[in-house]
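Report on the structure given below.
The analysis underlying the following values was restricted to heavy atoms, covering all of them including side chains, and did not include hydrogens, waters or symmetry mates. All residue numbers in this chain count up from 1 along the given sequence.
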Amino acid sequence: MPNEDLSKALYEQLADFRYKMRLFLRFSESAAREVGLTPQQHQLILAVQGYPGRDYATISEVAEKLQITHHACVGLVTRCEKSELVKRRPNPDDARSVHIALTDKGIEILGRLSTVHLKQLQDLKLDLISFEDSQGK
């Protein structure tokens with residue numbers, strides 16, 4: 001039984017957003033592969049560099065941002081470290097954890113990827129409007 005409180009226009013906007021989101025994700029995966037990264041490696045270096053207020057993150061923080069398990073994140077960090085994208089540093093506040101930071105190589109690749117991602121977002125013209133606006137309230 002459809003929700004009668006939702007307009008046809010809102011369903012169309014949601015469907016269009018979902019389509020554009022999928023186009024963006026597909027583009028992102030392809031762009032990462034073109035520079036020799038897996039999509040997961042790209043997501044990890046973006047999560048680390050984009051962590052609010054600092055240029056490093058812990059394994060637990062990155063795992064949360066990527067919505068993966070701690071164990072899976074450790075493996076991904078190890079692979080990124082072997083590819084010289086990130087480095088581990090001791091956490092001065094907690095010897096049980098480490099800080100993950102980007103290397104110069106990681107920063108350079110992330111910069112290139114982020115530039116093309118921003119262009120793609122502009123090209124998709126994502127028009128995110130509020131629920132109230134779409135209901136004409």
Polar side-chain atom of [X] near backbone of [Y] as donor-acceptor pair, under 3.5 Å:
X: Ser30; Y: Arg26; answer: no
X: Lys65; Y: Leu46; answer: no
X: Thr78; Y: Val74; answer: yes
X: Thr58; Y: His99; answer: no

Problem - More than 12 heavy atoms from other groups under 6.0 Å of CG on Asp104 - result: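 Counting other residues, nucleotides and ligands, CG of Asp104 stays at 12 neighbours or fewer.
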
Exercise for the section: Applying side-chain contact (heavy atoms from CB on, under 4.5 Å), run through Leu14 and Leu6 and close with a yes or a no. Expected result: CA-CA 11 Å; Leu14 288 170; Leu6 301 179; 5.7 Å; no

Exercise for the section: Please say which of Gln13, Lys20, Arg18, Glu12 ends up in a side-chain contact (heavy atoms from CB on, under 4.5 Å) with Asp16. Expected result: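 The side-chain contact (heavy atoms from CB on, under 4.5 Å) with Asp16 is passed solely by Lys20 among Gln13, Lys20, Arg18, Glu12.
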
Within the structure provided, determine whether [X] and [Y] are in side-chain contact (heavy-atom separation under 4.5 Å).
X: Asn91; Y: Val98; answer: no
X: Leu102; Y: Lys87; answer: no
X: Leu37; Y: Leu85; answer: yes

Practice task
Nearest 0.5 Å please: distance from the NE2 atom of His42 over to the OG atom of Ser114.
Solution key: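 Atom-to-atom, His42:NE2 and Ser114:OG are 5.0 Å apart.
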
Practice task
Please round to the nearest 0.5 Å and tell me the distance separating atom CG of Leu118 and atom CG of Asp123.
Solution key: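 That separation rounds to 11.0 Å.
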
Handout entry: Within one Ile-Leu-Val-Met-Phe-Trp-Tyr cluster: Val35 and Phe24, side-chain cutoff 4.5 Å
Key =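 The answer is no; the residues belong to distinct hydrophobic clusters.
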
Practice task
Taking only Lys NZ, Arg NE, NH1 and NH2, and the carboxylate oxygens of Asp or Glu, determine whether Glu108 and Arg112 approach each other closer than 4.0 Å.
Solution key: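 Looking at Arg112 together with Glu108, the answer is yes, because their closest N to O distance falls below 4.0 Å.
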
Shortest non-hydrogen contact from [X] to [Y]?
X: Phe27; Y: Val116; value: CZ-O, 3.6 Å
X: Tyr51; Y: Tyr56; value: CB-O, 3.8 Å
X: Gly36; Y: Gln41; value: O-OE1, 4.3 Å
X: Lys105; Y: Ser83; value: NZ-O, 3.0 Å
X: Cys73; Y: Ala63; value: SG-N, 3.7 Å
X: His117; Y: Leu113; value: ND1-O, 2.6 Å

Problem - Derivation of the side-chain contact (heavy atoms from CB on, under 4.5 Å) call for Gln49 and Asp55 - result: CA-CA 5 Å; Gln49 193 64 20; Asp55 62 355; 4.3 Å; yes

Problem - Evaluation steps, side-chain contact (heavy atoms from CB on, under 4.5 Å), between Leu44 and Gln40 - result: CA-CA 6 Å; Leu44 181 131; Gln40 295 79 13; over 6 Å; no

Practice task
Please identify each residue that fulfils salt bridge (Lys or Arg N to Asp or Glu O under 4.0 Å) with Glu64, with sequence neighbours left out.
Solution key: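 Expected list: none.
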
Handout entry: Step-by-step side-chain contact (heavy atoms from CB on, under 4.5 Å) determination, Ile100 to Arg89
Key = CA-CA 6 Å; Ile100 309 304; Arg89 304 187 303 222; over 6 Å; no

